[in-house]
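Bear in mind the structure is a predicted one, so any value in this text is a computation, not a measurement. All chains are named by letter (A, B, ...) in the order of the sequence lines, taking the proteins before the strands, and each is independently numbered beginning at 1.
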Amino acid sequence: QTPLTFSLDFRALGRHAAWFVALDKGYYKQAGLDVSIIAGQGTAQAIQAIEAGTAQIAFSDVAGVVAARANGGSTARMVSVIYQKAPYAIFSLRDGANVRSADQLAGLEIGSGAGSFTQKVIEAFMAQKGITTPAKFTNIDPSARVGMLAAKKIPSIETFVMTRPGVAKAVGSSNARTYLLANDGLVLYSNGIVVRDDLIKSKPDLIKAFIAASLQGWKDTIAKPEEAADIVVKLNKGLEKDVVLEEIEIVSELVKTDVTAKRGLGAIDPEAMASSVSLILQTLPGAKLAAGDVYDATLLPATPVLP
Amino acid sequence: MPISSDAVTRIAYPVLGLLLLLLLWQGYIVLFDVPQAVLPRPLAVWNATVNNLPLLLSEGRVTLLESVYGFLLAFFLGIPIAVAISSSRTLNLMFYPLLIATQALPKVALAPLILVWLGTGIESKLAIAWLVAFFPIVVDTATGLRSTPTEMLDLAASVRASGWQTFWKIKFPAALPFVITGSKVAITLAVIGAVIGEFISSNEGLGNLLLVANSQVNTPLAFASLLALAVLGMVLYAAVAFIDIALKPWFSEVRH
Amino acid sequence: MPISSDAVTRIAYPVLGLLLLLLLWQGYIVLFDVPQAVLPRPLAVWNATVNNLPLLLSEGRVTLLESVYGFLLAFFLGIPIAVAISSSRTLNLMFYPLLIATQALPKVALAPLILVWLGTGIESKLAIAWLVAFFPIVVDTATGLRSTPTEMLDLAASVRASGWQTFWKIKFPAALPFVITGSKVAITLAVIGAVIGEFISSNEGLGNLLLVANSQVNTPLAFASLLALAVLGMVLYAAVAFIDIALKPWFSEVRH
Amino acid sequence: MIPAIAEPQSTPLEAGEIYGRFTGVRKVFGKQEGAMVALSDVDYELRTGELVALLGPSGCGKTTLLRMVAGLTKPSGGSIVIRGREVTEPQDDFGFVFQSPNLLPWRTVLSNVLFPMEIKGRLDAAAKVRAIELLEHVGLGKFLKSRPHELSGGMKQRVALCRALIHSPSLILMDEPFGALDELTRMEMHELLLDIRRLTGATVMFVTHSISEAVYLADEVLVFSARPGRVSDRIRIDLPYPREAALRYTAGFREYERRAGAGLGVLHHA
Amino acid sequence: MIPAIAEPQSTPLEAGEIYGRFTGVRKVFGKQEGAMVALSDVDYELRTGELVALLGPSGCGKTTLLRMVAGLTKPSGGSIVIRGREVTEPQDDFGFVFQSPNLLPWRTVLSNVLFPMEIKGRLDAAAKVRAIELLEHVGLGKFLKSRPHELSGGMKQRVALCRALIHSPSLILMDEPFGALDELTRMEMHELLLDIRRLTGATVMFVTHSISEAVYLADEVLVFSARPGRVSDRIRIDLPYPREAALRYTAGFREYERRAGAGLGVLHHA
Ligand SMILES: Nc1ncnc2c1ncn2[C@@H]1O[C@H](COP(=O)(O)OP(=O)(O)OP(=O)(O)O)[C@@H](O)[C@H]1O
Ligand SMILES: Nc1ncnc2c1ncn2[C@@H]1O[C@H](COP(=O)(O)OP(=O)(O)OP(=O)(O)O)[C@@H](O)[C@H]1O
Ligand SMILES: [Mg+2]
Ligand SMILES: [Mg+2]
């Protein structure tokens with residue numbers, strides 16, 4: 001059994017069910033891995049965790065990998081893309097801004113995070129759509145965003161689409177409006193499995209084993225969300241099962257796409273990756289990187305794990 | 001029976017204060033139609049508390065221990081630092097500025113460093129609780145040590161007390177009121193420190209519960225965690241205040 | 001010329017302390033091969049500082065103002081609270097526990113409430129800076145007010161000083177060393193408070209810059225922001241310490 | 001002689017009328033067990049304009065009695081009635097000299113003396129002139145701007161004396177005011193006190209350990225017995241005013257000293 | 001008489017030999033301008049076993065001189081040599097009674113008295129017995145467990161006295177030790193001091209404001225002039241030991257009193 005620490009991008013929530021399924025069902029153990037899952041504080045910090053050695057594997061995003069390589073001298077690399085669709089969503093109230101299309105973003109006030117990558121993505125997305133009037137971003141801490149929307153102190157907020165059940169609870173499901181950029185033409189890879197170059201070189205088999213076991217977890221989760229939800233709730237304190245279940249359903253849509261249905265979960269499409277990286281590079285003036293620098297698709301399972 | 005009536009007011013007034021707060025809270029929600037995602041009603045928080053009592057207790061225990069250990073660390077490392085600073089001008093000039101510098105830094109920002117050094121276990125939480133809590137102890141103790149009445153120092157000098165003896169038998173007892181004042185601030189900061197530690201990396205504790213509840217927009221549970229933290233803070237503060245009261249006769253100059 | 005040589009040590013020692021720290025820092029990186037994403041080399045931070053100097057200065061100015069206003073708020077609201085608490089047992093019993101409770105709460109967790117009440121402008125930042133900083137002032141001042149030497153109170157009573165006069169002419173001056181000690185802790189906490197305020201909602205300030213740099217894993221710039229915060233904290237602390245030294249003759253009991 | 005002190009004062013009582021009445025005054029410190037009777041059964045009538053000396057062994061309750069008269073502590077039993085009203089709090093026209101100088105360390109000598117006037121809202125030019133005159137009179141004219149920690153023990157006590165006199169009190173309560181002074185200064189202070197008293201008609205109660213000081217200054221000497229303090233002797237001093245230094249060596253003076261000393265258990269050569 | 005006090009002590013010097021030598025001792029407070037000469041030109045030879053009284057007007061530098069002898073302050077000029085070595089720091093076998101009682105408020109009376117023994121690592125049963133005996137001797141046997149704030153001014157001063165004597169010092173420095181005491185207690189303290197001195201051969205320097213106390217106790221009285229303090233008179237008191245109360249009323253005693261008084265500017269009836 002090889003001990004292995006895996007850092008999430010945040011503390012454990014419903015969206016992370018698959019990893020716990022793989023753990024609880026013993027997929028990691030069968031692969032000879034003794035995995036411990038630790039909480040993270042965002043995708044950037046997850047990369048810092050593998051750089052620092054507190055974890056060997058991270059759940060982070062392409063944008064994080066690009067930025068870390070460009071600014072921080074990092075050698076992080078994505079070896080499997082889990083969120084094939086970017087989870088970036090804009091929430092608003094039906095009786096308020098009621099954002100349903102890209103042109104509504106023009107001049108819209110959006111509650112966002114300081115230096116948030118999403119802001120830049122939204123800007124690039126709007127540029128793609130030919131919208132010239134920029135949106136107005138206001139920095140609001142993630143913990144306060146939904147509240148501010150509910151209190152009608154801000155017309156719209158951006159956050160991961162997995163927050164939808166929370167937003168629905170806060171403003172009433174009949175009044176919540178979700179606008180997922182990925183459903184309106186945004187092509188952008190997001191979270192996936194990230195490791196350091198030196199680990200790829202020294203222990204490729206270990207990574208392969210981890211990816212394969214994890215994808216098995218994802219497959220099970222998508223197939224049996226109820227069971228997955230029970231596992232997460234069992235292994236993590238304070239989670240509400242109905243919210244967890246909803247999150248699993250939402251996240252499944254990001255993971256199970258037409259592409260992965262054919263090529264298997266976690267697959268990396270070079271073209272999609274290239275356009276993702278070029279989009280990301282637009283947000284990082286001065287950074288010089290090729291798409292090939294940020295990923296390695298050779299460690300994916302030989303036989304695709306189909307959902 | 002004056003003692004029992006005193007005991008009654010000692011309980012009644014804080015309860016009254018709490019009731020007042022609850023009333024304001026409820027009134028505010030009703031008046032301004034505040035959504036639950038911002039501020040749940042007192043009753044909803046109460047229900048969340050009752051329903052999650054075992055969870056709150058077990059998580060509270062974790063945070064309690066982290067806070068207490070962090071405070072003890074702050075105390076037993078803070079006092080020597082205060083002593084060093086107030087007795088050696090060189091040390092003071094060399095390290096006090098750095099000490100102040102650590103205080104103006106947001107501890108969350110130091111998270112990656114601390115995690116690298118101390119890992120994701122209890123050590124990193126203690127380190128943060130310590131980092132957050134030790135400063136008031138250092139500043140207050142140093143002030144106390146520097147303001148020993150000169151006559152007392154003359155007394156010590158006249159019997160040729162060593163530096164060590166002057167410290168333990170004169171300066172430190174004379175500074176105790178300052179030390180305790182610093183400890184009062186430090187103990188509540190230790191709770192904050194423990195929570196920050198949990199924010200940075202933890203799967204347990206009230207801070208973790210708070211974040212989890214928050215990210216599910218489960219505000220009643222989030223507020224129940226906050227409530228538990230508040231109670232924890234008050235209990236710990238009360239413990240220090242109790243030591244203060246127990247030591248009062250030692251320092252009493254009061255005439256009846 | 002003893003004055004000038006004293007001035008030299010006053011500068012030289014802190015610089016020495018800083019150099020020592022830099023040496024340890026660099027040594028640690030070299031020895032343990034720490035990646036830049038975790039801890040950049042001093043030189044990288046220095047370069048980031050120099051390259052972003054105008055930015056750091058302008059953002060620093062924002063945070064400086066927030067900290068100072070927050071501290072002033074904490075001071076001018078903290079003192080009356082300390083007075084109320086140390087003079088009225090009822091108020092003390094009713095509200096002190098609640099006060100302590102606010103301290104044990106992570107201020108970040110109160111973000112939704114504060115933002116909904118005060119919006120995303122400067123008010124919410126000041127509120128948080130105040131909330132973080134006022135407690136040491138309250139606790140220290142209250143302790144100071146409660147430990148006025150009884151003979152001085154007898155003196156006030158004997159000339160029939162009103163409560164107000166006793167406060168301003170006896171209790172407060174006698175408590176000043178405590179007030180200043182509390183202020184020293186409060187001023188560094190005010191910086192932290194301002195940064196937390198910026199974390200919660202702001203498009204400017206060093207806290208904001210830190211978040212931006214962090215989210216881009218631009219660690220040299222993040223550390224440059226931290227450095228700027230540390231300098232800010234030291235400058236503000238020095239300002240309070242200066243007032244302390246200026247007031248010393250007022251309280252001097254020192255024999256030569 | 002000391003014009004500034006002559007500020008006349010409107011006392012509603014004629015000299016010789018009863019100014020204060022002490023009935024069964026008693027003071028106990030501590031709770032039931034461990035209680036300590038500091039003073040008991042003090043009955044006395046204080047007449048307007050009189051100067052009463054309290055003489056007694058250390059720890060017999062002299063300070064305690066003075067504090068009760070000043071309204072700084074309440075008796076545990078009995079009552080103290082001043083000008084017809086029971087004392088429950090300090091009065092505006094009382095002046096108190098504490099046993100320790102009790103100066104405010106953050107004020108200069110001059111502003112310490114002016115403290116009572118500041119409190120009473122009478123901090124005018126006249127008050128300052130008077131304070132300076134008083135300080136010059138006690139030999140501290142050069143120390144107006146000094147801080148308490150720069151003074152010797154006796155100098156501090158003299159500042160405290162000036163502070164108690166600044167507002168021309170009608171009742172002056174003094175707790176060993178001259179204990180820390182050398183004989184010469186002390187004698188000058190005696191004359192100062194007698195002058196003030198003559199010019200303002202103030203009533204004075206003062207604690208002293210010096211038998212001859214008590215006899216020299218007082219109209220009446222109250223001798224206290226040891227713990228629990230009780231009045232063991234009342235000695236009326238029928239010596240003429242103004243009293244002069246030479247008086248100290250007369251036979252009559254010696255006899256009073258002897259009697260007071262006997263009350264204290266001291267053998268005094270007649 | 002007081003067995004506990006009789007603990008003999010190994011003094012390397014014979015009685016009458018020179019114990020200390022003061023040469024041109026001078027003390028200035030403050031910087032250039034605004035400097036205050038507190039004391040100057042003090043030349044004196046202190047002999048082993050002698051009891052020297054310092055008498056002088058308030059603020060003339062008596063406390064300052066005593067503090068310099070004790071090694072608590074350094075002279076601004078001149079030198080103080082004790083037992084052949086210049087005083088630069090306090091000595092083990094010195095005992096100091098401060099002008100204010102200076103008790104530690106957090107300690108009981110008994111443990112305040114034992115403080116020097118604790119510091120010297122000699123806190124044994126014998127020390128405790130001795131402390132209790134001393135306290136009983138000064139009339140505080142019932143207050144062993146009291147805290148300083150429960151004592152009267154004179155009681156505190158007596159505790160301070162016991163503390164200075166607990167380690168049988170060979171040089172006892174006392175700053176107005178009996179100022180706050182009533183005459184009877186003061187006389188008892190005088191006998192205590194003379195006993196201790198006789199039994200241990202200790203050398204004593206003490207400050208007092210009482211001319212008769214100085215004459216009664218001392219082998220030699222040093223009279224100081226007012227600021228800046230200087231020795232204006234040295235009066236050798238050739239009265240027999242043991243001195244007894246009756247001595248106070250002899251003509252010889254009176255003559256000494258007169259001379260000391262004259263040095264202070266006090267008119268004393270011969
Ligand atoms: N706060 C207190 N608590 C307990 N006992 C006290 C307190 N204050 C005074 N006493 C006791 O009351 C008695 C009388 O004290 P007081 O100060 O009145 O004496 P005094 O006559 O002024 O003595 P002295 O001449 O020594 O100043 C003493 O025995 C003292 O121990
Ligand atoms: N720390 C100080 N700073 C400035 N001046 C001082 C200081 N200490 C004492 N003095 C001055 O030195 C002089 C002598 O003081 P000292 O205390 O020795 O007098 P003393 O003879 O003991 O008087 P007393 O009998 O009143 O106690 C005084 O004029 C005093 O003002
Ligand atoms: Mg007294
Ligand atoms: Mg003196």
Under a 3.5 Å cutoff, is there a donor and acceptor pairing between the side chains of Tyr28(A) and Ser214(A)? yes

Is [X] close to chain B through its backbone or its side chain, or both, or neither, when contacts mean heavy atoms under 4.5 Å?
{"X": "Lys237(A)", "result": "both"}
{"X": "Ile37(A)", "result": "backbone"}
{"X": "Glu240(A)", "result": "both"}
{"X": "Leu13(A)", "result": "side chain"}

Plane angle bin for Trp130(B) and Phe134(B) - parallel if under 30°, tilted between 30 and 60°, otherwise perpendicular: parallel

Return the orientation label for the Phe210(A) and Phe6(A) ring planes: parallel under 30°, perpendicular over 60°, tilted otherwise. tilted

Could you grab the distance from atom CZ of Phe75(B) to atom OG1 of Thr141(B), nearest 0.5 Å is fine? 7.0 Å

Are Phe59(A) and Tyr83(A) an aromatic pair by the rule of ring centers under 6.0 Å? yes

Treating Glu109(A) as the side-chain partner and Ile154(A) as the backbone partner, does any N or O pair qualify as donor plus acceptor under 3.5 Å? no

Side chain / backbone / both / neither for [X] at chain A, heavy atoms under 4.5 Å:
{"X": "Val34(B)", "answer": "neither"}
{"X": "Gln216(B)", "answer": "both"}
{"X": "Ile200(B)", "answer": "both"}

Assert top hit (heavy-atom pairs under 4.5 Å, partner chain A, pool Asn214(B), Leu209(B), Asn208(B), Asn52(B)) equals Asn208(B)

